[in-house]
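Read the numbers this way: they start at 1 and go in the same order the structure lists the ligands and their atoms.
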Amino acid sequence: MLRTPNKRFLGVKAGVINCDLGMSKLFDIELERLTGQPSYSGAVRGAAAGQGGTFFLETFGCQMNDHDSEKVAGVLLSRGYRQVETPDAASLILYNTCSIREKAAQKVFSRLGEYREKQSEGKIIGVLGCVAQQEGEDIFKRAPWVSLVCGSASYSKLPEMISQLEAGNQRVTGLDTDTDETFETEVTRRDNPWRAYLTIIEGCDKACSYCVVPYTRGPERSRASDSILREVRQLAELGYSEVQLLGQTVNSYADPTARKMRFSELLLAVADVQGIRRVRFTTSHPSDFTPDIVEAIERQPKICDHVHLPVQSGSTRVLRTMQRTYSREEYLEKIAMMRGANRPIAITTDIIVGFPGETESDFEETISLLEEVRYTGLFAFKYSPRPNTPSLSMNDAIPEEEKGRRLAVVQEKQREIQAAGNAEMAGQTFEVLVSGKSRREYQWSGYTTSHRMISFASQERELLGTYVQVRVTGAGPNSLVGEHAV
Ligand code: 5AD
Ligand code: SF4
């Protein structure tokens, strides 16, 4: 489910909003909506007030990280802090980090280096998320100007840690992963005023041999279904019409309450909440992708017709060494199940190229799988060896250059597939939730239920947050353009 900020993603774009509201304005409106109180801006209180009480929060990585940051911001705002847009303006500088691939982790350390001087100006610097969990107290050695190191499995203790920092403690850590708690907050500062992210399951109990997530995010913990549904009702009352349920393996959801709701039942219950028009979910694990999920999509049009189902490789042999718990054939059965649904379902995936021992013929099986499934979008990655993972010690590493070649072949193949798939959409009309307004007049953008982004023209003055019908007039491999069908 990890979203890449890089350009490797072909097709479905991340939920970036490009609208005319400035960040702080958006954010103040948001707070008023969340709390029913006037904006906190200027209302700094407590120990933080003496120090300026401002925070800057930068997020790297996936949607789970984005949403964790929204919750961290909620914790700080409810303590009277104010969010600012530059580290210079902040008394507390926080980085919510990603360590899924080596490059992501390096980026964090180079960013921390840039802020070395800031500590001497009295600023507090904190590292959150996966790099914090992975590197632990070593961060203090590598970057002694850091005061807070907190992994995502310890976020529920964040208010306590912030109190310790406010009390003048110079080194505060939260690094436990043996928790059965999920991170729930009373106030979450959501970035997008129409689509709300909602984590329903944290951590991961799978053990893919290349992946750091089980180490950095800890074991699987599902949130109680009644608490999820309560939050969805609140979100609907606040005007959100789309919710996106999040989890590293969202469909492994196991309700800890006596109600024992299945994931598909939860999808239906969320869709039943008055005011909710769209329910999304990501990321699904193929092994837990059961027929009742497809039946729920068939039964309830509010459940979006898009499934992100990472395959990683088209070769059963490589899948085994990756410890992915399914074969190529079993994966293709899940695809056939979706293709047999009574309405089309857009399917996207993740691919890793150059896993240790991946032969040319294994790689060709990945290419033939792409041809067979014809995904509407994919993220492709070069295999990156990660600390603690079993694949770190595997032989037959693939040279970087060869990984690069394979990546380019995957991308070119997918480009062809998407160009053909998108061209077929020309002339069709889709419902779009408008989330972007271009600086060019009368140009808007938004997402279809299948999570395709469309840029379109409309003479309307205000469309943000509304649902409109858009006819597709043109298509490229990565984009659709259209016009408002009135
Ligand atoms: N190297 C390359 N890609 C990885 N991913 C996870 N771990 C690694 C790694 N060590 C990719 C997988 C996963 C996505 C979120 O990131 O494709 O589905
Ligand atoms: Fe990582 Fe595998 Fe868990 Fe996904 S399912 S988070 S790839 S261990």
Side-chain angles (χ1 to χ4, degrees), residues 1-6 8-10 12 14 60-66 98-106 129-131 133-134 152-153 177 199 201-222 246-253 281-289 307-315 318-326 331 334 347-358 366 369-370 375 377-394 397-398 400 402-404 406-407 410-411 414:
M1 66 149 295
L2 287 136
R3 167 179 59 67
T4 37
N6 63 29
R8 282 200 210 119
F9 189 50
L10 298 160
V12 187
F60 299 85
C62 63
Q63 286 154 323
M64 295 273 294
N65 263 12
D66 285 341
C98 171
S99 64
I100 194 92
R101 286 168 295 276
E102 197 179 359
K103 265 197 193 149
Q106 275 168 3
C130 295
V131 173
Q133 190 66 52
Q134 190 173 285
S152 64
T177 49
T199 305
I201 171 168
E202 290 177 11
C204 181
D205 273 356
K206 304 281 190 268
C208 303
S209 60
Y210 51 81
C211 186
V212 285
V213 168
Y215 309 94
T216 56
R217 287 190 166 265
E220 207 174 277
R221 286 105 59 208
S222 290
L246 296 178
Q248 304 291 343
T249 54
V250 73
N251 57 326
S252 313
Y253 177 76
F281 55 98
T282 198
T283 293
S284 296
H285 191 284
S287 297
D288 297 330
F289 201 80
V307 174
H308 185 60
L309 199 70
V311 66
Q312 313 299 358
S313 167
S315 152
V318 173
L319 290 170
R320 293 257 144 79
T321 55
M322 287 179 166
Q323 287 166 214
R324 279 295 286 180
T325 68
Y326 53 84
Y331 181 89
K334 309 283 175 177
I347 309 172
T348 54
T349 203
D350 292 344
I351 299 280
I352 298 177
V353 297
F355 191 73
E358 183 188 67
T366 296
L369 184 114
L370 297 189
Y375 294 103
L378 68 74
F379 290 102
F381 310 103
K382 289 194 268 184
Y383 167 71
S384 166
R386 306 307 298 128
N388 304 317
T389 58
S391 65
L392 189 63
S393 54
M394 286 180 187
I398 307 298
E400 274 310 302
E402 178 58 15
K403 285 187 203 166
R406 292 181 191 181
L407 184 69
V410 164
Q411 288 176 327
Q414 182 61 19

Using a 4.0 Å cut-off to any heavy atom of Arg101, which atoms of ligand 1 qualify? 1 (N), 2 (C), 3 (N), 4 (C), 5 (N), 11 (C), 16 (O)
Just jot down the ligand 2 atoms closer than 4.0 angstrom to any heavy atom of Pro214, in number order. 8 (S)
Check Ile100 against ligand 1 and report side chain, backbone, both or neither, counting heavy atoms closer than 4.0 Å. both
If you take the nearest heavy atom of each of Cys204, Ser287, Cys62, which one is closest to atom 3 (Fe) of ligand 2? Cys204
Using a 3.5 Å cut-off on N or O atoms only, is Tyr383 in polar contact with ligand 1? no
N/O of Arg386 under 3.5 Å from N/O of ligand 1, yes or no? no
With a cut-off of 4.0 Å, which atoms of ligand 1 are near a heavy atom of Gln312? 12 (C), 13 (C), 17 (O), 18 (O)
Per-atom contacts, ligand 1 versus Lys382 - under 4.0 Å to a heavy atom: 1 (N), 2 (C)
Could you identify the single nearest non-hydrogen protein atom to atom 4 (Fe) of ligand 2 and state the distance to 0.1 Å? Arg324 NH1, 4.3 Å
Determine, considering heavy atoms only, which of Gln323, Met64, His285, Met322 sits nearest to atom 5 (S) of ligand 2. His285
Within less than 2.8 Å of atom 2 (Fe) of ligand 2, any N, O or S from Cys208? yes
Regarding atom 1 (N) of ligand 1: of the candidates Ser384, Cys98, Cys208, Ser391, which has the closest heavy atom? Ser384
Please check: side-chain N/O of Tyr331 versus main-chain N/O of Leu309, any donor-acceptor pairing under 3.5 Å? yes
